[in-house]
2 protein chains.
Amino acid sequence: MPEDLNTGVLLYLPYRAMETRVFEELAAAGFDFTPSQARVFQRIAPDGSRLSDLARQAGITKQSTAFLVDQLERLGYVDRVPDPDDGRARLVRITERGHRSVEASRAVVARVEAEWEAHLGARRMAQLRRILTDLREITDPWR
Amino acid sequence: MPEDLNTGVLLYLPYRAMETRVFEELAAAGFDFTPSQARVFQRIAPDGSRLSDLARQAGITKQSTAFLVDQLERLGYVDRVPDPDDGRARLVRITERGHRSVEASRAVVARVEAEWEAHLGARRMAQLRRILTDLREITDPWR
DNA sequence: CAAACAGGTCAGAGTGTCTGACCATCTCGT
DNA sequence: ACGAGATGGTCAGACACTCTGACCTGTTTG
């Protein structure tokens, strides 16, 4: 049973562990996100993003994106301002509270990566990251 | 931008690529599954499983499991028979058609793994799998 | 053998997603 | 310089998956 796991599952297990830790520790710090909200929130550019760009990047419809951005706005993570360059558009921007949640999640990721490195050793951790980065060339749909 | 991706994302990209390929090629071969259906279907034991066991393993409620098993049954991938050992229970079993879909998905996984190995080289592919297997010790919630 | 437990179903609600239709604004070719 | 088409966004309605709570039927156990 142990060794014949397919490589997809082998990748999924640590990915999922990372994700779970981030959501748990974020929630413990008072930052509640659903996975769907996070998927959109993650993609907001530093100086704000348009709804349609977020939709495209997240791979969901504009309508679903609007639904989720409404929630993020209600939760205080983002606000919306008119786009100065385009009268049709509004920019979704990360608020102060939003930035604090980003920082918190960055910290959790760093903590988990440190745990992994402690388990694997620095050398194999670096190898893992190099191999995955290489694999990205043929598996990353956004190049 | 390229190298500072966190390890979670780095794991997710190839995992997601694998998953997408499996669903696409399965669909092309006439086997349609939603991700939710697949999550339950995957966990059916060779000699059949109880609904409650599937629910526990998939981490969803019995009701949701029943909902998905109904669909799998309608699609012809599983059937249900009374459990000879427990009058309350029924066993969910994989049908002939279900087995064919399992075989098809196994083939897609093998194909994708071969592509990855061609890109990375056999040596690094093996390294990747070894490191991930090792990482499983601290990230696999089902031990 | 009664009480507690386990397997399963029914009913109702919430969330995230989609498609289709629509309006407002911008861009570009003539 | 203007009209056609593209783009940004919203509204309305539907569907898929999930949950909680209540319940029934059988099994196990003190």
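Chain letters run A, B, ... following the sequence lines, proteins first, then strands; residues in each count from 1. Please read these numbers as outputs of a predicted model, since none were measured by experiment.
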Starting at atom [atom1] of [X], determine the distance to atom [atom2] of [N], rounded to an integer number of angstrom.
| X | N | atom1 | atom2 | result |
| --- | --- | --- | --- | --- |
| Arg50(A) | dG9(D) | CZ | C1' | 11 Å |
| Leu51(A) | dT7(D) | CG | C1' | 12 Å |
| Leu75(A) | dT15(C) | CG | P | 12 Å |
| Asp83(A) | dT27(C) | CG | P | 11 Å |
| Asp70(A) | dT17(C) | CG | P | 13 Å |
| Arg80(A) | dG8(D) | CZ | P | 15 Å |
| Arg74(A) | dG16(C) | CZ | P | 10 Å |
| Leu54(B) | dA6(C) | CG | P | 18 Å |

**OP:** Return no unless some side-chain N or O of Ser52(A) is found under 4.0 Å from OP1 or OP2 of dT7(D).
**Re:**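 No, because none of the side-chain N or O atoms of Ser52(A) sits under 4.0 Å from OP1 or OP2 of dT7(D).
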Original post:
When you look at Arg136(B) and Leu10(A), which way does the side chain to side chain contact (heavy atoms under 4.5 Å, CB included) test go after all the steps?
Top reply: CA-CA 8 Å; Arg136(B) 215 185 136 196; Leu10(A) 245 25; 4.3 Å; yes
Original post:
Does any non-hydrogen side-chain atom of Met125(B) lie less than 4.5 Å from one of His119(B)?
Top reply: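 The answer is no, as the side chains (C-beta and beyond) never meet within the 4.5 Å cut-off.
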Original post:
Is there a side-chain contact between Arg124(B) and Leu128(B), using heavy atoms and a 4.5 Å cut-off?
Top reply: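 Arg124(B) does not reach Leu128(B) side chain to side chain.
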Original post:
With a 4.0 Å cut-off, would you call Arg111(B) and Glu115(B) a salt bridge?
Top reply: no
Original post:
Say you draw a straight line from CG of Leu54(A) to OG1 of Thr65(A); how long is it, rounded to the nearest 0.5 Å?
Top reply: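 One gets 6.5 Å once the value is rounded to the nearest 0.5 Å.
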Original post:
How long is the span from the CG atom in Leu11(A) to the OH atom in Tyr12(B), to the nearest 0.5 Å?
Top reply: 12.5 Å
Subject >> By side-chain contact (heavy atoms from CB on, under 4.5 Å) - contacts of Gln63(A) (at least two apart) >> reply: Thr61(A)
**OP:** Output all residues satisfying side-chain contact (heavy atoms from CB on, under 4.5 Å) with Asp32(A), sequence neighbours left out; order by chain, then residue number.
**Re:** Ala27(A)
Original post:
side chain to side chain donor-acceptor pair (under 3.5 Å): which pairs involve residues 46-60 of chain A, sequence neighbours left out?
Top reply: Arg50(A)-Asp83(A), Asp53(A)-Arg56(A)
Original post:
Would Gln37(A) and Val69(A) satisfy side chain to side chain contact (heavy atoms under 4.5 Å, CB included), going step by step from the backbone distance to the final call?
Top reply: CA-CA 7 Å; Gln37(A) 289 164 0; Val69(A) 169; over 6 Å; no
Subject >> Close residues, residues 29-44 of chain B, relative to DNA chain C [heavy-atom separation under 4.0 Å] >> reply: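 The answer is none.
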**OP:** At under 4.0 Å between heavy atoms, which parts of nucleotides 20-30 of chain D does protein reach? Answer with one letter per nucleotide, 5' to 3': B base, S sugar-phosphate only, - none.
**Re:** BB---BBS---
Original post:
Of all the choices, dG8(D), dT15(C), dG8(C), which nucleotide is nearest to the side chain of Phe67(A) once you look at every atom?
Top reply: dT15(C)
Original post:
Using 30° and 60° as the class limits, which term best fits the ring planes of Phe41(B) and Phe33(B): parallel, tilted or perpendicular?
Top reply: tilted
Subject >> Five-pair end axes of the helix from dC1(C)-dG30(D) to dT30(C)-dA1(D) and the angle they enclose, rounded to 10° >> reply: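 One end axis against the other gives 30°.
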